[in-house]
**Student:** 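I have a structure here, written as structure tokens, and I will follow up with some questions on it.
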Number of protein chains: 2
Amino acid sequence: MSDIASQTYTRADEAFDCLQTAIVKGDLAPGDKIGELDLCARFDLTRGPLREALGRLESRGLLVRRPHAGVKVVSLSTSELVELYRIREVMEGLAARQAAERMTDQEIADLKATLDSHEAMIDEARGQAYYQAEGDYDFHHRIATGSRNTKLAQMLLGDLYYMVRMYRYRLSTSAGRPHLALGEHRRIVEAIAQRDGELAEFLMKRHINAARKNIEKKIQEGVLTI
Amino acid sequence: MSDIASQTYTRADEAFDCLQTAIVKGDLAPGDKIGELDLCARFDLTRGPLREALGRLESRGLLVRRPHAGVKVVSLSTSELVELYRIREVMEGLAARQAAERMTDQEIADLKATLDSHEAMIDEARGQAYYQAEGDYDFHHRIATGSRNTKLAQMLLGDLYYMVRMYRYRLSTSAGRPHLALGEHRRIVEAIAQRDGELAEFLMKRHINAARKNIEKKIQEGVLTI
DNA sequence: ACACCCAATATTGTCAACAATTTGAAATTT
DNA sequence: AAATTTCAAATTGTTGACAATATTGGGTGT
């Protein structure tokens, strides 16, 4: 949801939000060629705000636009997806390091409480799933904002987050290891609470590296096709 | 310059290019509030393409847009500028590592030749300057593309490169150390040529860390105000 | 059957006018 | 004199129509 606290909520904002959601949820599927007039009819928009929204989605890597030829929903190859995890690793490692330096005690306590509710959810799903709702409920989202490195958070949450999330709907990177993943989250938060930036960075990188390895394994087993 | 090899060059592309150049060069200065009609008159554009260009520039962090209230050229505080260097450090470190894995021998040879011409230029300026023209002549630009991590290159060259460059016009991060900086560039390329990704990453991170320290030192001495 | 060409059509890019919101100056109140 | 309110003008957001370009389907040649 775009921030409307101090700004008006334009039709372009609205268009952006609903299109992004449609992409993340797969209603607009990777590789789909989508036309402006179709989108206008489907989402009750006019072309001006729609084009603004398309521009924003393109800048976030969710769409590919070709002048005069139209728009496609981005479709990452498996190797491109793996590359995203390489980038996440170094950037989220930095975010964890800076979160250790800058998060308030209250924020850390709140994050621990969120992890408790994550655990309750895993138990409820009998250890089969670890799904985090988009936004403040999501661990990685919280670390990025906790880093207080505005540009880093913006890049992580603006450029990478939704691309990764787009694929999360179709694959679980914590499959077979939700309790393990949760445990890793807890250890990262503990390092942050101890203000040990170096350890927090190390643990976060290891955590994302494990998710990447998980994906690579699935690709190799032929289980994962995109 | 936008890629026109396989696409038409729209008026929006044109608007984007000239505005970005104006920002990087300081013709549109940090903090400037700029109006659409002014820009249209000044750059001989109409509002449609201009608004597209403004959207792109916003996504690159060069502008801040507020709905119904207009556009400002971004103005980074000194601490924000330093944070950019933290991000560059981890991302360009990764780029160097991946360049060591993926650059062709020819590309490496070409890069060395470019460094030779950099050296000639420093000598010509009597060791007072190390200025690299935007694009392929720029060492960092070359490493990012050499990484063959498309998304990484896009983020580095799309999101960070011009923001950093915007400030480079007003400060030299290799001030007092052009020969040293060039030497560091050479060592990074040597590590890449040796296909030693770990060393390339380490050296690149150190190099950017040194540039950051240089900036921090200037800030502390009160020499650098933005 | 395949490759190429061309014209018509569909779709995207641009434009100018109207709608919506903010800004700043003037008037009013304290 | 300083603070607040009001309102017209300036500026940004949106809309629908026209301009520009790519796509597609049909026709022709090999």
Side-chain angles (χ1 to χ4, degrees), chain A residues 1-20 22-23 27-29 31-75, chain B residues 1-20 22-23 27-29 31-75:
Chain A
M1 188 52 137
S2 300
D3 183 11
I4 61 169
S6 56
Q7 325 194 47
T8 54
Y9 185 63
T10 62
R11 294 283 279 163
D13 292 331
E14 194 179 317
F16 174 77
D17 288 340
C18 73
L19 285 178
Q20 183 172 262
I23 291 171
D27 296 337
L28 296 177
D32 276 2
K33 180 150 184 207
I34 52 183
E36 291 181 6
L37 297 181
D38 291 342
L39 291 175
C40 286
R42 187 164 160 181
F43 295 103
D44 189 35
L45 300 163
T46 55
R47 289 183 60 226
L50 176 80
R51 290 181 62 81
E52 284 251 4
L54 293 179
R56 291 187 209 170
L57 290 162
E58 183 188 26
S59 74
R60 293 200 168 189
L62 297 179
L63 296 180
V64 182
R65 260 173 136 186
R66 249 188 358 110
H68 286 111
V71 176
K72 269 194 181 184
V73 179
V74 77
S75 175
Chain B
M1 187 51 139
S2 301
D3 183 11
I4 61 170
S6 55
Q7 324 195 44
T8 53
Y9 186 65
T10 61
R11 293 282 281 164
D13 292 331
E14 194 179 319
F16 173 77
D17 288 340
C18 72
L19 285 178
Q20 183 171 261
I23 291 170
D27 296 339
L28 296 177
D32 275 2
K33 181 153 184 205
I34 52 183
E36 292 181 6
L37 297 180
D38 292 340
L39 291 174
C40 287
R42 188 163 158 183
F43 295 103
D44 189 33
L45 299 164
T46 55
R47 288 183 59 225
L50 176 82
R51 290 181 62 81
E52 284 250 5
L54 292 178
R56 292 186 208 171
L57 290 162
E58 184 189 26
S59 73
R60 293 202 168 187
L62 296 179
L63 296 180
V64 181
R65 261 172 134 187
R66 252 191 353 112
H68 285 113
V71 176
K72 268 195 184 183
V73 179
V74 76
S75 175

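Note that the coordinates shown come from a computational prediction; the quantities given were computed from them, not determined experimentally. Just so we're on the same page: letters track the sequence lines, and every chain starts at 1.
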**Student:** Mind checking whether B/Leu62 and B/Val73 have side chains closer than 4.5 Å, heavy atoms only?
**Tutor:**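 A side-chain contact is absent here, since even the closest heavy-atom pair is not under 4.5 Å.
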**Student:** Would you tabulate the pairs of protein nitrogen or oxygen atoms and nucleotide nitrogen or oxygen atoms of nucleotides 5-10 of chain D closer than 3.5 angstrom?
**Tutor:**
none

**Student:** Name the closest nucleotide to the A/His68 side chain, picking from C/dT22, C/dT14, D/dT21.
**Tutor:**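 So the nucleotide nearest the side chain must be D/dT21.
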**Student:** Tell me whether the OP1 or OP2 atom of D/dT21 has a side-chain N or O from B/Arg11 closer than 4.0 Å.
**Tutor:**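 Result: no.
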**Student:** Donor-acceptor check, side chain of A/Asp17 to backbone of A/Glu14, threshold 3.5 angstrom: yes or no?
**Tutor:**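 Here the side-chain-to-backbone pair does not exist.
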**Student:** Looking only at N and O atoms, is any donor in the side chain of B/Arg47 or the base of D/dG13 less than 3.5 Å from an acceptor on the other one?
**Tutor:**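 Present.
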**Student:** C/dT14, C/dG13, C/dT21: which one has an atom nearest the side-chain heavy atoms of A/Thr8?
**Tutor:**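 The closest nucleotide is C/dT21.
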**Student:** Examine D/dG13: is either OP1 or OP2 under 4.0 Å from a nitrogen or oxygen in the side chain of B/Arg51? Give yes or no.
**Tutor:**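 Yes.
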**Student:** Side chain of B/Leu37 only, please: which of D/dG13, D/dT11, C/dT14 is the nearest?
**Tutor:**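 Of D/dG13, D/dT11, C/dT14, D/dT11 is nearest to the side chain of B/Leu37.
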**Student:** Tell me every residue that passes side-chain hydrogen bond (donor to acceptor under 3.5 Å, both in side chains) with A/Thr10, counting only those two or more places apart in sequence or in another chain.
**Tutor:**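 Scan of A/Thr10 (side-chain hydrogen bond (donor to acceptor under 3.5 Å, both in side chains), adjacent residues dropped) gives A/Asp13.
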**Student:** Taking the side chain of A/Ala69 as heavy atoms from C-beta outward, which of C/dT14, D/dG13, D/dA22 is closest to it?
**Tutor:**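 My answer, after comparing the listed nucleotides, is D/dA22.
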**Student:** Salt-bridged, B/Glu52 to A/Arg65, with N to O below 4.0 Å?
**Tutor:**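 Between A/Arg65 and B/Glu52 there is a salt bridge, with a charged N closer than 4.0 Å to a carboxylate O.
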